[in-house]
Every structure is written in C-alpha cells, then in structure tokens.
Amino acid sequence: MKRTLKLKLVKAVKIKPSFPFDFNSTFYKPDHFTTGDNFWQTDIRWQTWNWQGRPLGIKFLNRGSVSQPVVEIKIYANYKISLNSLHSLLEEIKYSYNFNLNLKDFYQNFKNDKILGKIIKKWRGLRPGHPSSLYEYLIIGIVLQNASVRRSAQMFQALLQNYGTLLDFAGKQLWCFWKPGGLKNISEDELRLLKVGYRAKTIKKIDEQFVTGQINELDLRSQNRETQMSELLKLYGVGPATVWYILFDVFHHLDYFDHISPWEQKIYSKLFFNRDPENPIAVSKLLKYLERFGKYKQLAVHYVWEDLFWRRRTEKIPWLEKEIRQ
DNA sequence: CATCAGGGCCCTG
DNA sequence: CAGGGCCCTGAT
C-alpha cells in the first residue's frame with residue numbers, strides 16, 4: 001500500500017474569468033466517468049494536478065456569479081513552489097478551463113436555433129474544458145478504446161492507483177496522475193496484470209514517446225489543427241477516434257467534428273432527429289446536419305451533450321440508460 | 001456452459 | 001481498402 005501524500009495550502013488566488021461564466025457546468029461534466037482524481041459538489045471542485053512532474057492538489061471555489069464570475073483557486077503542495085511555476089500553473093488552468101473564451105458570437109448566432117436556443121439559455125456561461133494534459137488524455141483515450149464505460153473506468157483506476165499518488169488535501173483524498181515517463185520501469189506484462197489487455201503495449205509506447213521528447217504538448221498547441229492531427233496520428237495506438245477527442249478537449253478546437261462512434265450515433269439520432277436509437281440516422285447525414293453549427297460544431301454538440309447528461313441526474317431518460325451500458 | 005460485441009487501432013493481404 | 005485479431009468483461 002502506497003503512502004498518502006499530505007499537502008498543505010501554499011497559495012490562494014482569485015481569478016476573474018470573462019463573463020458569462022458558469023462555474024458548475026464548467027467544472028463538472030456529468031458525462032465524464034468518475035475516476036478518483038477529482039471531486040465536485042455545487043460551487044466547489046477538487047482536482048489533482050501533476051504540474052512539472054510533481055503532484056499538486058487544487059480546490060476551485062465559486063466566489064461570484066455567471067455575470068460577475070470570480071473563481072478562487074487554492075493550491076496545495078508538499079514542497080515550496082516557485083513564483084514562476086505558480087504563475088505558469090495559473091496560466092495553464094485558465095487555458096484548460098477556457099477562462100477567457102468569448103461565447104458572445106456563439107450565443108448570438110444560435111439563440112433562435114430550435115435545439116440550441118433553449119440549451120444555451122439554460123447553460124449560459126458553460127465552458128468546454130478538461131484538466132488533463134496531452135499525456136494524461138492519451139492514456140485516458142487508450143483506455144476508452146474498444147471498451148464500455150465500466151471497463152474503461154476500471155482500467156483507468158487500476159493505472160492511477162498503481163502508478164499515481166494518493167493526495168490528501170482540503171479534506172479529500174484523491175489520486176494524482178503520474179508524470180510522463182513514469183512508466184519507464186514498468187513492463188508490459190506488469191501493465192497487463194491490471195487487465196488493460198492489448199492496450200498495455202500502447203500505453204508503454206506512449207509513455208516512451210514522451211520520455212524521448214518525440215512529442216511536446218506546448219509545441220503542438222501552437223501548431224495548426226492539421227499539424228496537430230498528423231503528429232498525433234503518428235503515435236502508436238492513436239487513431240481518428242482518439243484524435244477527435246483530443247482536438248477538442250486538449251487543443252480546444254470548437255469547430256472540428258468529423259467522427260461519430262456507433263453509440264454516439266444512436267444518441268445523436270435521438271437528440272437531433274428524435275429517431276429511435278436502435279434505428280439510427282447514417283453518420284454522413286448526422287455530420288451534414290451538424291454543418292448548420294458552422295465554426296461552432298463541436299461546441300454546439302458539447303452544449304447539447306452536457307445538457308443531456310445534466311438532465312440525466314434529475315430525470316429518468318430510459319433510452320439513454322440503454323445506450324450508456326454502465 | 002459457450003459465444004459475442006464492444007466508447008479502436010494495427011497489420012496483413 | 002477490407003477485415004481479422006487483440007484483452008477483458010458483461011450480456012445473452
């Protein structure tokens with residue numbers, strides 16, 4: 001059993017995102033499976049963060065409103081974090097959660113859309129966002145491949161609990177991701193014992209490619225989408241589905257939408273065409289339909305999707321339960 | 001019990 | 001460019 005790392009509060013800052021900004025729908029995405037690296041309750045989000053190779057705990061608190069947003073960020077560590085490092089961490093947080101995204105044009109364009117209209121009103125200030133680094137997201141993407149939600153969550157938790165660090169901060173115990181290259185001394189067979197199956201090979205290779213510097217997140221961030229895609233596709237085990245997730249969640253492309261997996265196809269068929277999910281609309285037709293959202297295709301679907309999963313928390317949506325297969 | 005399809009991707013032919 | 005194989009799991 002690994003030791004728990006106790007962290008102390010080292011810094012608290014208040015940041016004002018651009019408005020409108022909705023704390024809860026930005027910091028909690030009900031469609032993401034829970035993995036023990038974060039915890040949310042109304043107006044508070046706990047999140048572990050491997051920053052520059054070391055584990056940190058972060059507590060986000062809602063200190064404002066949608067129209068006058070203020071987010072307090074409390075940082076917990078077990079070492080002295082330099083001012084420089086702290087500053088760049090805050091910049092990274094702002095980037096990850098799209099604190100400065102301007103939503104006005106999107107809202108203006110679609111306030112009368114028959115599907116989006118109501119949703120953007122209800123979720124005004126919702127930002128897309130994801131706390132994972134590229135490395136972390138690649139690992140997540142790999143455990144998502146060819147597996148149902150329950151199995152993906154199981155694989156991810158096994159990885160986290162074996163190679164991550166359990167942090168104790170702000171009243172929570174949460175697992176923090178290991179750093180890129182952290183699997184250097186772990187064999188493929190050892191990974192297989194965690195029942196990740198053939199993904200063991202992929203996970204090893206991804207980890208190695210970060211050690212050797214074959215891929216650099218910040219460099220890639222400054223490249224255009226085509227370059228990002230082609231670089232990511234070079235990684236062993238990364239194909240169009242994984243790239244599609246990363247382009248949105250890691251590189252924040254709000255417009256790119258070219259991939260629909262079978263289970264998503266069923267859900268979109270119901271959402272956009274009120275079609276029986278068992279008799280779904282063709283992917284090509286769905287993609288054509290999404291053209292109406294132009295440069296906000298991915299953002300628009302994110303809103304519809306989050307709305308659906310937020311509703312799932314309070315209403316019964318039998319057809320959805322059937323498609324999710326927990 | 002056995003068989004099978006997954007929230008893909010690689011590799012082969 | 002089509003299709004088999006891959007790990008494991010829960011559903012049938």
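We name chains A, B, ... by the order of the sequence lines, and we start the count at 1 in each one.
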Next item on the list: Using only side-chain N and O atoms of Arg150(A), determine if any of them is under 4.0 Å from OP1 or OP2 of dG10(C).
Entry: yes
Check: Val71(A) and Phe21(A): which non-hydrogen atoms are nearest, and at how many Å?
Finding: CG2-CE2, 3.8 Å
Margin query: Between P on dC9(B) and CD1 on Ile142(A), what's the gap in Å once rounded to a whole number?
Written below: 10 Å
Margin query: Check Asp22(A) with Arg124(A), please: is the shortest side-chain N to carboxylate O separation under 4.0 Å?
Written below: no
Next item on the list: Grab the CD-P distance between Gln265(A) and dG7(B) for me, whole Å please.
Entry: 12 Å
Margin query: Using a 4.0 Å heavy-atom cut-off, does Leu235(A) contact any base of the nucleic acid, only the sugar-phosphate backbone, or nothing at all?
Written below: sugar-phosphate
Item checked: Trp244(A) CH2 - dG7(B) P separation (whole Å) -> 14 Å
Check: Of all the choices, dC10(B), dC9(B), dG7(B), which nucleotide is nearest to the side chain of Trp263(A) once you look at every atom?
Finding: dG7(B)
Item checked: Ser261(A) vs Lys205(A), nearer the 5' end of DNA chain B by closest nucleotide -> Ser261(A)
Check: Centroid-to-centroid, Phe110(A) to Tyr303(A), below 6.0 Å?
Finding: no
Note to self: Please tell me whether Phe309(A) and Trp305(A) form a close aromatic pair, meaning their ring centres lie under 6.0 Å apart.
What the structure shows: yes
Next item on the list: Take the protein atom CD1 of Ile203(A) and the nucleotide atom C1' of dG8(B), then report the distance between them rounded to whole Å.
Entry: 14 Å
Check: Tell me: CD of Gln154(A) to P of dT9(C), nearest whole Å?
Finding: 6 Å
Notebook entry, point to check: Does Thr242(A) make a side-chain N or O approach to OP1 or OP2 of dC9(B) shorter than 4.0 Å?
Noted result: yes
Check: Just checking Tyr245(A): base, sugar-phosphate only, or nothing, at a heavy-atom cut-off of under 4.0 Å?
Finding: base
Checklist line | Rounded interatomic separation in angstrom, taking CE from Met155(A) and P from dG8(B) | finding: 11 Å
Checklist line | Base-paired stems in DNA chain C, each at least three Watson-Crick or G-U pairs under 3.5 Å | finding: B:2-6 with C:8-12, B:8-13 with C:1-6
Check: If you measure from the P atom in dC7(C) to the same atom in dC1(B), how many Å do you get, rounded?
Finding: 25 Å
Check: Any side-chain heavy-atom pair from Val250(A) and Glu217(A) closer than 4.5 angstrom?
Finding: yes
Next item on the list: Return the 5'-most residue of the pair Val238(A), Leu144(A) with respect to DNA chain B, ranking by each residue's nearest nucleotide.
Entry: Leu144(A)
Checklist line | d(CD, Gln145(A); P, dA5(B)) in whole Å | finding: 20 Å
Check: Taking the side chain of Arg151(A) as its heavy atoms from C-beta onward, which of dG8(B), dC11(B), dT9(C) lies nearest to it?
Finding: dT9(C)
Notebook entry, point to check: When you measure from every atom of DNA chain C, which of residues 185-201 of chain A have a heavy atom less than 4.0 Å away?
Noted result: Arg192(A), Lys195(A), Gly197(A), Tyr198(A), Arg199(A)
Notebook entry, point to check: Looking at Lys204(A) and Leu183(A), what are the two nearest heavy atoms and their distance?
Noted result: NZ-O, 3.0 Å
